[in-house]
Amino acid sequence: MSKILIRGAKVLGGDAQDVLIDGAVIAEVGTGLSAEGAEVVEADGKVLLPGLVDLHTHLREPGREDSETVLTGTRAAASGGFTAVFAMANTFPVADTAGVVEQVYRLGQEHGYCDVQPIGAVTVGLEGRKLAELGAMHESAAGVTVFSDDGKCVDDAVIMRRALEYVKAFGGVVAQHAQEPRLTEGAQMNEGIVSAELGLGGWPAVAEESIIARDVLLAEHVGSRVHICHLSTAGSVEIVRWAKSRGIDVTAEVTPHHLLLTDELVRTYNPVFKVNPPLRTERDVLALREALADGTIDIVATDHAPHPHEDKDCEWAAAAMGMVGLETALSVVQETMVDTGLLTWAGVAERMSFKPAAIGGAKGHGRPVSAGEPANLTLVDTAYRGSVDPAGFASRSRNTPYEGRELPGRVTHTWLRGKATLVDGKLT
C-alpha cells in the first residue's frame, strides 16, 4: 500500500498537523513532514478524527435487502465517516445463531467499506421467551460481545437477569431497547400535548424509564454490564445519572435525531418523522444534549433504520418506524453539540469513536491519532453548509427526516486501515 500524507489537518480540532499513513498504520504525526513518495491530501484546516464507530446500525441483510444490504449500508457508513458499525440482530432470519452472525460478519469483510460487527439476539427469534445461543455466537468467527433484541424490549425480568448473568462470563454486554410493551400498545407518537391535540395514541416517557430503572438494578444485582439503546427522555437521563453515581456498570446512547427533532414535527403527519422511540419534547431534547455533554450519556449511535419507499409513503398509522442516519449523523452532532459550544471536536471523537469502540470491543477502532495506531480516520470539512439531498445517499433507502434541511459539515475522506473508502466526498 502507498503512503498518504494528510497535510495541515486539525487533529481532533486542535492545531494543524501533518499525518503520514504508511500502509495500514499511522507512521508519523507532526508538522512539516516530508511528502516524498506519498500521495498528498491537502486538509486545509479540516478536522481529522479517528474513524467513527456506530454501536447501533440496521443493515437489514439477510431478509430485507429491499431496504438495505451490508454493501449499501457500509457504503453509507463510509460516506458518513464511519469505519466500523455494529449490525442489529432483527434480520430475517434473526441473528440468534452462530451461523447467521457469521454470515453478516463475512459479508462485511467481503465488501470492505467498513468493519461490520454483528450484534446477537438476546432471545430466540426476538420473542423474549428463551435465551438465544449467546455463548455460541461469542465463540463464533464473528466474536459477538453485544447482544440486543432491539426493535423489541426484553420485558421479562427473569430473562433479562439470565442474559446479564450469561454475558458476564465473557465480558459481554446486553443492549436494551427500553419499551414496556403494555404501556405502549397502540402508541403512535410521544404522549403529551401534541398527541392529545392530534388524537394519536401516546407513547409515555415512563414506558422507557421504568425498564431502564429495572435493568440498572438488575445489572447492579448480578454485577454485569447493561447498555441503554436510544435513550430519549429527560427522566431516563436522571435514572442513568443516578445509576452511575451508585457505581452501576451502565452505558447509554442517544441518536442524532433525538438531539435535534421534536414531536412538534408530527403535526405534519409526515411518516418520515415516525420513529421508535418517538420524537420527544423540546425539554427532553435539551436534557439529552446536556447529558451527552456531561458524560451521563456516553455515546451517539445512529439507529440507522432504512425502509423502502412504500413502507414510509403511506398514512401515518400504517407507516414503519425508523430513519436513516449514517450519512447525516456527524452533521447533526456538529449543529447540536459543537456549534452550540457543548462539545469540542475532541469530545465528539470520544462519543462517536473512542467510547463506542470500547463498549463494543471493536478492536483497532477508537484509537488515538498517533504513530503506530491503525489508520482508521475521517476528515471533516466543518466550514461546509449544505442542504440534505437523499437522492445522493449511498444507502438503499431515503427515509431521512432532514431532506431539504441545511446542516453544517461534510465528511470528505474516510480511510479504513490506510485504504481510502471515501475521497473528496465520493466513494472509491
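Every value quoted in this text rests on a predicted model; they were computed, and no experiment measured them. Along the sequence shown, residues carry numbers from 1.
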Taking C-beta and beyond as the side chain, do [X] and [Y] meet within less than 4.5 Å on heavy atoms?
X: P368; Y: P50; answer: no
X: V369; Y: L377; answer: yes
X: V380; Y: R410; answer: no
X: L48; Y: T378; answer: no
X: L107; Y: V116; answer: no
X: D18; Y: L5; answer: yes
X: I299; Y: I359; answer: yes
X: D54; Y: F86; answer: no

So, [X] and [Y]: side-chain donor and acceptor under 3.5 Å apart, yes or no?
X: S236; Y: E208; value: yes
X: H58; Y: E68; value: no
X: D149; Y: T123; value: yes
X: E253; Y: H227; value: yes
X: T233; Y: R280; value: no

Review point. In terms of heavy-atom contacts, does NZ of K312 have more than 12 from other residues, nucleotides or ligands at under 6.0 Å?
Key: yes
Kindly give the heavy-atom pair with the smallest separation between [X] and [Y], and that separation in Å.
X: V122; Y: A163; answer: CG1-CB, 3.7 Å
X: A329; Y: F82; answer: CB-CZ, 4.2 Å
X: A132; Y: A121; answer: CB-O, 3.5 Å
X: L49; Y: W345; answer: CD2-O, 3.9 Å
X: L342; Y: A293; answer: O-CB, 3.7 Å
X: H258; Y: P277; answer: NE2-O, 3.1 Å

[X]/[Y] ion pair, N-O < 4.0 Å:
X: R162; Y: E165; answer: no
X: D298; Y: K244; answer: yes
X: E406; Y: R385; answer: yes
X: E61; Y: R64; answer: no
X: K363; Y: D115; answer: no

Practice item. Not counting sequence neighbours, list each pair that qualifies as a salt bridge (charged side-chain N to carboxylate O under 4.0 Å, His left out) and has a residue in residues 27-53. Key: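 Only R7-E42 qualify under salt bridge (charged side-chain N to carboxylate O under 4.0 Å, His left out).
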Revision key, fill the gap. Sorted by chain and number, sequence neighbours left out, side chain to side chain contact (heavy atoms under 4.5 Å, CB included) with A78 holds for Y113, T421, L427
Review point. T382 and Q334: side chain to side chain contact (heavy atoms under 4.5 Å, CB included), yes or no, with the steps?
Key: CA-CA 8 Å; T382 60; Q334 180 178 336; 4.0 Å; yes
Exercise for review: Can you spot which of T302, N276, D150 makes a side chain to side chain donor-acceptor pair (under 3.5 Å) with H230?
Suggested key: D150
